[in-house]
Amino acid sequence: MRRGLIGGNWKMNGSREFVAAFASRWTELHATPVDDVFICPPIGLFDALSRALPHVVLGAQNVYLEASGAYTGEHSADMVSDLGARFALVGHSERRQLFGEDDSTVAGKFLASQRAGVTPVLCVGETLDERRAGAAADVVARQIDAVVAAAGIGAFNDAVVAYEPVWAIGTGETATPAEAQEMHEMIRERLTKSDQNVGDAIRILYGGSVKADNAALLFAEPDIDGGLVGGASLDAAELNTIRQSLPEH
Ligand code: 13P
């Protein structure tokens with residue numbers, strides 16, 4: 001049985017004041033620490049969040065693929081690990097679209113995260129044009145295969161996949177549970193073809209306008225193991241309701 005997991009991706013939002021308010025609300029909601037939610041604040045807010053919530057599980061929104069050197073503005077996987085990150089998003093669609101990351105860059109980041117002991121969350125997903133052209137499954141399969149080819153299927157023993165259709169991110173438009181399930185099943189089958197145990201065990205999160213009022217139906221699907229939540233993760237109470245929508249709660 002796969003344990004549900006929720007990631008909160010704050011993207012480029014927040015401030016120290018925001019962190020303090022979020023943390024105090026989160027503390028009111030949780031008498032004991034929770035380990036099935038990880039939060040990805042901007043790097044500059046890692047310290048504030050981990051001081052305010054010492055047990056919070058942290059994730060990085062991005063890492064660079066080299067370990068150190070003349071890469072102005074970047075953070076290596078070792079650096080985010082040093083700051084306490086246990087997860088790192090790699091290949092988020094905003095990175096692919098706005099910052100030109102291709103499959104080989106994403107594979108490099110996946111490998112760099114694992115070398116640093118940080119679990120990569122490999123983000124995949126098709127654009128609206130690709131979906132309309134009937135190419136959604138092919139695009140996502142290509143994104144998965146590129147990392148399997150570079151890292152080997154065994155590397156997926158310590159990885160998470162997030163299926164985030166680009167047309168559903170920040171648009172308020174969510175894939176229906178059936179649409180999401182179809183893609184999650186395809187991703188799992190693809191991994192299972194290479195290694196049955198990996199396919200059975202890997203957690204595949206859905207992302208794209210997950211909210212308190214649609215999470216339970218999405219998480220009820222057999223191959224949806226949780227969510228990667230953007231906008232709604234900025235609200236501690238809503239993020240908590242989403243967490244409580246995991247079937248084991
Ligand atoms: P929204 O939940 O704001 O649509 O963002 C999804 C996302 O990109 C999470 O990584």
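For this chain, numbers begin at 1 and follow the sequence in order. In each ligand, atom 1 is the first atom listed, and ligand 1 is the first ligand listed.
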Over 60° means perpendicular and under 30° means parallel, so classify the ring planes of Phe18 and Phe22, tilted if in between.
-> tilted

Please produce the table of protein N or O atoms sitting under 3.5 Å from N or O atoms belonging to ligand 1, one pair a line, distance to 0.1 Å.
residue, atom, partner, partner atom, Å
ligand 1, 2 (O), Ser209, N, 3.4
ligand 1, 2 (O), Gly230, N, 2.9
ligand 1, 3 (O), Gly231, N, 2.8
ligand 1, 4 (O), Gly170, N, 2.6
ligand 1, 4 (O), Ser209, N, 2.8
ligand 1, 5 (O), Lys11, NZ, 3.2
ligand 1, 8 (O), Lys11, NZ, 2.8
ligand 1, 8 (O), His92, NE2, 2.8
ligand 1, 10 (O), Asn9, ND2, 3.0
ligand 1, 10 (O), His92, NE2, 2.9
ligand 1, 10 (O), Glu164, OE1, 3.2
ligand 1, 10 (O), Glu164, OE2, 2.9

Should Asp35 and Arg3 count as an ion pair when the cut-off is N to O under 4.0 Å?
-> yes

CG-OG distance between Leu29 and Ser24, expressed to the nearest 0.5 angstrom = 9.5 Å

Contact check, side chains of Arg243 and His30, non-hydrogen atoms, under 4.5 Å = yes

Residues 148-161 side chain polar contacts: donor-acceptor under 3.5 Å, at least two apart:
residue, atom, partner, partner atom, Å
Asn157, ND2, Gly154, O, 3.1
Asp158, OD1, Thr119, OG1, 3.0

Using the salt bridge (charged side-chain N to carboxylate O under 4.0 Å, His left out) rule, take Arg203 and Asp36 through it: C-alpha gap first, then chi angles, then the decisive distance, then the call.
-> CA-CA 12 Å; Arg203 290 181 289 187; Asp36 51 5; over 6 Å; no

